[in-house]
Student: 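Below is a structure I'd like to ask you about.
Protein chains get the first letters and strands the later ones, always in sequence-line order, with residue 1 at the start of each. Just so you know, these numbers come straight off a predicted model, no measurement behind them.
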There are 2 protein chains.
Amino acid sequence: MAASRSKASAEEPNRRADIVRAAGRLFHEKGYSATTIRDIAGAVDMQSGSPFYHFKSKHDMLRAVVLEGMDTINTAVARAATSGKSPRATFEAMLRAHLDQLLGSAGRDFAATLLHESRHLDREAQAEVVALKDGYEAMWQQALNDLKQAGLIADDSPVARLFLMGALNWTVQWYRPDGSRSVAQIARQFARLLIDDTHRG
Amino acid sequence: MAASRSKASAEEPNRRADIVRAAGRLFHEKGYSATTIRDIAGAVDMQSGSPFYHFKSKHDMLRAVVLEGMDTINTAVARAATSGKSPRATFEAMLRAHLDQLLGSAGRDFAATLLHESRHLDREAQAEVVALKDGYEAMWQQALNDLKQAGLIADDSPVARLFLMGALNWTVQWYRPDGSRSVAQIARQFARLLIDDTHRG
DNA sequence: TGCTACCAAGCAAGCGCTTGCTTGACAAGC
DNA sequence: GCTTGTCAAGCAAGCGCTTGCTTGGTAGCA
């Protein structure tokens, strides 16, 4: 989905994907505006004009990075949401999936760029992202509704969802891969903070 | 504290404060890197070279904005923290103070710039901010400890604090002043999401 | 007379992006 | 087997413009 038409085969050296990865990392580290085409080109050993063979503008590179971020996190959490376990176990699996994409080395840069640099997209691309995000948040809303149905939480209002999304997305600001807490541990602790354990066995 | 030596008197037309305000608003809206000196100068009806009479660099303007943000939010929450009410009431007052600074028209731009643009500060200025932030978060840690002592929450670990700070700070992304929820309402609902009401009367 | 606060002009560097051209791989024609 | 044509992928150079910041000068007030 990130590439609109080309196959996402990873066999051959795919320079376009290299550029997206490098752009993602740099956008994450320095921000979109502070990242130059020369930075990106240098990171993949190209001359500064060459990326424009693959993308028609810097803005288009940001769009590719952000859509890649939406796609991977959406896929990961959707899989966790349909794993068919109990509401509580499903919820924790979703937390772990979200945090894995946000903090793990695989998609970290894409997800972080999605969260912090989307405002630099033009109106059209932003509408694209918002549409995907609405679907994503609906998934979380459903999970909260299920938890309430099961009597595990007291509040499943939209504000509760935003409260949760904030806590999750803010981990980008403080999580360190070499720190003492694993992603799975954080996911479990977050679940406990929301779910009223006194109502369980 | 925002201005290192000059008095913070607001009586006379203080052009330096005007610049800080305009810079804060623009940094918040467009980001630090995407904001130009000409943007800032234009916003206060100056020529593009004139702000440099008051600041020695663009970086210094960012530093002033960020320190102003830290100072105002720190002051507001510290006052709420020492109001001498019950742990529960004190906590909710702190939530409201934090959200007021973050979402209210008074200090919104300073606080948001603090949260999102601090990474563009040099190492020295960042250390300055981190030191202030550590003190600020210690205040919240104390509040959580008090709540636990009173039997109102089950977890007062640092992760719980980070969880809370994330939920709070993320409100910047979704709160709209013309929306249906007031800041006070959000503060109360956030308090209820954390505090186990089943243990109260 | 001296100082504060600013303007008008502009500099050097860097920006996103375009252009004309080269290179290596592969296939068709003879 | 050798030439010829085509194409993807990128290089080298640089264009027009913007950037943060500097400089010399000056109006207005004390």
Side-chain angles (χ1 to χ4, degrees), chain A residues 3-24 26-27 29-66 113 117 119-122 125, chain B residues 3-27 29-66 113 117 119-122 124-125:
Chain A
S4 35
R5 58 207 157 276
S6 76
K7 283 241 224 65
S9 63
E11 42 197 28
E12 7 139 346
N14 190 340
R15 304 294 272 137
R16 188 185 194 275
D18 290 346
I19 293 172
V20 173
R21 252 194 309 278
L26 289 162
F27 290 163
E29 285 172 6
K30 319 180 20 169
Y32 173 73
S33 299
T35 300
T36 70
I37 292 295
R38 284 163 180 83
D39 290 335
I40 298 170
V44 294
D45 284 315
M46 280 183 174
Q47 295 298 106
S48 70
S50 301
F52 291 102
Y53 175 79
H54 299 277
F55 296 89
K56 72 180 217 286
S57 66
K58 183 187 175 188
H59 172 274
D60 237 45
M61 298 180 202
L62 175 60
R63 181 172 168 278
V65 170
V66 165
T113 301
E117 309 297 331
R119 64 168 155 181
H120 292 111
L121 292 171
D122 62 22
Chain B
S4 35
R5 58 208 157 276
S6 76
K7 282 240 225 68
S9 65
E11 43 197 26
E12 8 137 345
N14 191 341
R15 302 293 272 137
R16 188 186 195 275
D18 291 345
I19 294 172
V20 173
R21 251 194 311 276
R25 183 172 54 78
L26 288 162
F27 292 163
E29 284 172 7
K30 321 181 18 168
Y32 173 72
S33 300
T35 299
T36 70
I37 294 294
R38 285 162 179 83
D39 290 337
I40 298 170
V44 294
D45 285 314
M46 278 184 175
Q47 296 298 105
S48 69
S50 302
F52 291 101
Y53 175 79
H54 299 276
F55 295 90
K56 71 180 217 285
S57 65
K58 182 187 175 189
H59 173 275
D60 237 45
M61 298 180 201
L62 175 60
R63 179 173 169 279
V65 170
V66 165
T113 300
E117 309 297 330
R119 64 168 155 182
H120 292 110
L121 293 170
D122 62 22
E124 189 180 357

Student: Would the distance check show the side chain of A/Y32 and the main-chain N or O of A/H59 forming a donor-acceptor pair, the cut-off being under 3.5 Å?
Tutor: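 Checking the backbone N and O of A/H59 against the side chain of A/Y32, a donor-acceptor pair under 3.5 Å is found.
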Student: Starting at CG of A/D39 and ending at P of C/dA13, how long is that distance when rounded to a whole Å?
Tutor: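 So the CG-P distance, A/D39 to C/dA13, works out to 18 Å.
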Student: Measure the spacing between CZ of B/R63 and CD of B/E124 and express it to the nearest 0.5 Å.
Tutor: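 Separation between the atoms: 7.5 Å.
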Student: Could you state the atom-to-atom distance from CD1 of A/I37 to P of D/dA12 in whole Å?
Tutor: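 Answer to the nearest Å: 18 Å.
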Student: Distance check, rounded to the nearest 0.5 Å: A/L121 atom CG versus A/L62 atom CG?
Tutor: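 A/L121 atom CG to A/L62 atom CG measures 4.5 Å (nearest 0.5 Å).
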Student: Give the rounded distance in Å between these two atoms: CD1 of B/I19 and C1' of C/dC6.
Tutor: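 To the nearest whole Å, that distance equals 10 Å.
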Student: For the side chain of A/T35 and the backbone of A/L26, is there at least one donor-acceptor N/O pair under 3.5 Å apart?
Tutor: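 Yes; at least one donor-acceptor contact below 3.5 Å.
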Student: So if I take residues 52-62 of chain A and measure heavy-atom distances to DNA chain C, which residues fall below 4.0 Å?
Tutor: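 Within this stretch, A/F52, A/S57, A/K58 sit under 4.0 Å of the strand.
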Student: Over all heavy atoms of both residues, which pair between A/G24 and A/T113 is shortest? Give the atoms and the distance, please.
Tutor: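 Closest approach of A/G24 to A/T113, heavy atoms only: O-OG1, 3.5 Å.
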Student: Using the side-chain hydrogen bond (donor to acceptor under 3.5 Å, both in side chains) rule, collect all pairs that involve residues 38-53 of chain B, keeping only residues at least two apart or in two chains.
Tutor: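 Checked against side-chain hydrogen bond (donor to acceptor under 3.5 Å, both in side chains) - neighbours excluded - the pairs reaching residues 38-53 of chain B are B/K30-B/D39, B/T36-B/D39.
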Student: Which sits closer to the 5' end of DNA chain D, A/R38 or A/D45, going by the nucleotide each is nearest to?
Tutor: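 Comparing both residues, the 5'-ward one is A/D45.
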Student: Roughly how many Å is it from CZ in A/R16 to P in D/dG10, rounded to a whole number?
Tutor: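 Checked: the CZ to P distance equals 13 Å.
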Student: How many whole angstroms separate atom CG of B/N14 from atom P of C/dT4?
Tutor: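 Going from CG in B/N14 over to P in C/dT4 covers 15 Å.
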Student: Is the distance from OP1 or OP2 of D/dG10 to the nearest side-chain N or O of A/R15 less than 4.0 Å?
Tutor: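 Result: yes.
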Student: Indicate yes or no: at least one non-hydrogen side-chain atom of B/E117 is less than 4.5 angstrom from one of B/V66.
Tutor: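 Contact flag for B/E117/B/V66 side chains = no.
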Student: Which residue lies toward the 5' end of DNA chain C, A/T35 or B/S50, if each is placed at its nearest nucleotide?
Tutor: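 Final value for this comparison: B/S50.
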Student: Looking at side-chain heavy atoms only, is the closest gap between B/R16 and B/I19 below 4.5 Å?
Tutor: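 Side-chain contact under 4.5 Å: no.
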Student: Whole angstrom is fine here: how far is it from CD in A/Q47 over to P in C/dT19?
Tutor: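 Distance check: A/Q47 CD to C/dT19 P gives 18 Å.
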Student: With the side chain counted from C-beta on, respond yes when A/M61 and A/I37 share a heavy-atom pair under 4.5 Å apart, and no when they do not.
Tutor: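 They are in side-chain contact.
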Student: Encode nucleotides 23-30 of chain D as B, S and - characters from 5' to 3', where the letter depends on protein heavy atoms closer than 4.0 Å: B to the base, S only to sugar-phosphate, - to neither.
Tutor: --------
